[in-house]
Amino acid sequence: MTNPILETRNLTKIYGQNVIFKDINLKVNEGETIVIIGPSGTGKSTLLRCINLLTSHNGGQVFLDNQEITAKGHDEDKVRQQIGMVFQNFLLFNHLTALDNVMIGLTKVKKMPKDKAKEKAMEELNRVGLADRADHYPGQLSGGQQQRVAIARALAMDPRVMLFDEPTSALDPELIGEVLGVMAKLAKDRMTMLVVTHEMGFAREVADRIVFMEKGSIVEEGSPDDLFYHPKHDRTREFLWKITELYGKKEKEKGARE
Amino acid sequence: MIAFFEFFVRFLPDMLKGASITILLTVEGLSAGFVLGLLASLARVYGNKFIRGLAVSYIELFRGTPLLMQLFIIYYGLPGLGITFSRELCAFLALGLNSGAYQAEYLRGSLLAIGDGQMMAGRSIGMSRAKTIWYVILPQALRLAIPAWSNEPVSLLKSTAVVFLIAVPELMAKAKSIAAQTYDPIGTYLAVALVYLAMVYLLDAFLRWMERASRIPGFEMEGRKT
């Protein structure tokens, strides 16, 4: 068993009286793609934000490469350089071109010289298939293209692990595929990824492990086959049944195309 | 009509001399006000309780009292505390401090319009709060602010007229002396009004150019595209 890159121990988040999630224990190994599924409002997005310290937590610990990043005095900005994050609503820097969006972290955070940063940024844009859109502003790109630029922006920092927070839920259906395609390619290249999504097809095909979360705790986790075909808990079966019924038609069409 | 034209031409050099000081005061006051306003708006939006309190006090104090009173306190009041500035410096201070309070409010509005998402995105690639504000939030907020902020230079240009009361020889002061010289206040003030109008017209043209030049495709306030 390899050492996990990312690990949470009893991670807990409470807003006032509301327990968002409690005692979450999660291990992400190098090169692994883990998909978190579950009904809305079960704290999946907040969990991701707590992991890269964008939101404060109320208990427990987070470890990155066996170092506790939730320890007092740990440099948050350093941590976030190593944890890439992709948001539901893209959040590109609206005043910058696609290229500058990817470059800015390299020049302003990593202090890389401009020409080297540009070269690296073009590489990342190429990786998401958008080298030809380098000088477009976010307002001139489709949602799918914006999200791919956002992925390139995160990748440019050479993160240890990438977090995806429902990266396709703000997209028109016909644009979802291009983003999932990029993510599947990353998974194949053994990028370590933690993905919150409702895309069951992606979860089944790409995930090494699926974690089913509900009401602030992990109900069940296992391989896609285990969860989809032999779920241990009734709740898991119920949720998957509901969601595949909802998405079933699309899945079938997708299957027919392939 | 011809008489007025002759009058206008005769005093034009004098008026232009005054106008150049008016312009200088406007540029100085606007620049100082911009720096102050920027700091005050950032303090008000991103500062802790104490810093926010300081910024709010400054803004409310200078927006809540007449410019003329501020000018008199600086010019007539400060010497009582042993601080004496030249007339020009007093005019500059009053205009800059006053304009800063207004500019702070214009900028605050657009800082708030940018929203938390951009801050989160900046932090997510390892930028500090300060860096995100500087490289991400401000470049967007300043662009959004331009249309509303464009009121300030125009308003300030005309506000400079009050400093003739401490005998700074700007356009309004020139008007006073020309009127006294010619016994023709109506002709004088009409002529001076034309000079003010011309300056505002040019200023407006410059501001509109600035708005266009800084525009980014697909990035503007929601609504009708102009």
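Lettering follows sequence order; numbering is per chain, from 1. Hydrogens, waters and symmetry mates play no part in the numbers below; they use all other heavy atoms, side chains included.
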Subject >> Main-chain N/O of A/L92 paired to B/Q118 side chain as donor or acceptor, under 3.5 Å >> reply: yes
Original post:
Considering only heavy atoms from C-beta outward, does the side chain of A/I104 approach that of B/M127 to under 4.5 Å?
Top reply: yes
Subject >> Considering all heavy atoms, the nearest A/M85-B/S124 contact >> reply: CB-CB, 4.0 Å
Original post:
Heavy-atom distance under 4.5 Å to chain B: side chain of A/L53, backbone, both or neither?
Top reply: neither
Original post:
Is there side-chain contact between A/F93 and B/I125, with heavy atoms separated by less than 4.5 Å?
Top reply: yes
Original post:
Is it true that a side-chain atom of A/K108 and a backbone atom of B/Y135 form a donor plus acceptor pair closer than 3.5 Å?
Top reply: no
Subject >> Residue B/Y201 excluded, over 12 heavy atoms near OH under 6.0 Å >> reply: no
Original post:
Between B/A121 and A/L91, which heavy-atom pair has the shortest distance, and what is it?
Top reply: CB-O, 3.3 Å
Subject >> Greater than 12 external heavy atoms within 6.0 Å of B/K131's NZ >> reply: yes
Original post:
If you round to the nearest 0.5 Å, how far is NE2 of A/H95 from CD1 of B/I114?
Top reply: 9.0 Å
Original post:
Can you tell me how far the CD atom of B/Q140 sits from the CG atom of A/N94, to the nearest 0.5 Å?
Top reply: 5.0 Å
**OP:** Please determine, among A/Q82, A/E76, A/M157, A/H136, the option with the most heavy-atom pairs under 4.5 Å with chain B.
**Re:** A/M157
Subject >> Heavy-atom closest contact (B/R123 atom, A/D77 atom, distance) >> reply: NH2-OD1, 3.1 Å
Subject >> Greater than 12 external heavy atoms within 6.0 Å of A/K110's NZ >> reply: yes
Subject >> Residues, nucleotides or ligands: over 12 heavy atoms within 6.0 Å of A/Q61 CD >> reply: yes
**OP:** Supply the atom-to-atom distance A/R80 CZ to B/S128 OG, rounded to the nearest 0.5 angstrom.
**Re:** 10.0 Å
Original post:
Is chain B contacted by the side chain of A/R153, its backbone, both, or neither, given a heavy-atom distance below 4.5 Å?
Top reply: both
Original post:
Near B/D116 CG, under 6.0 Å, is it more than 12 heavy atoms from other residues, nucleotides or ligands?
Top reply: no
**OP:** Sort B/R129 into side chain, backbone, both or neither according to what part of it lies under 4.5 angstrom from a heavy atom of chain A.
**Re:** neither
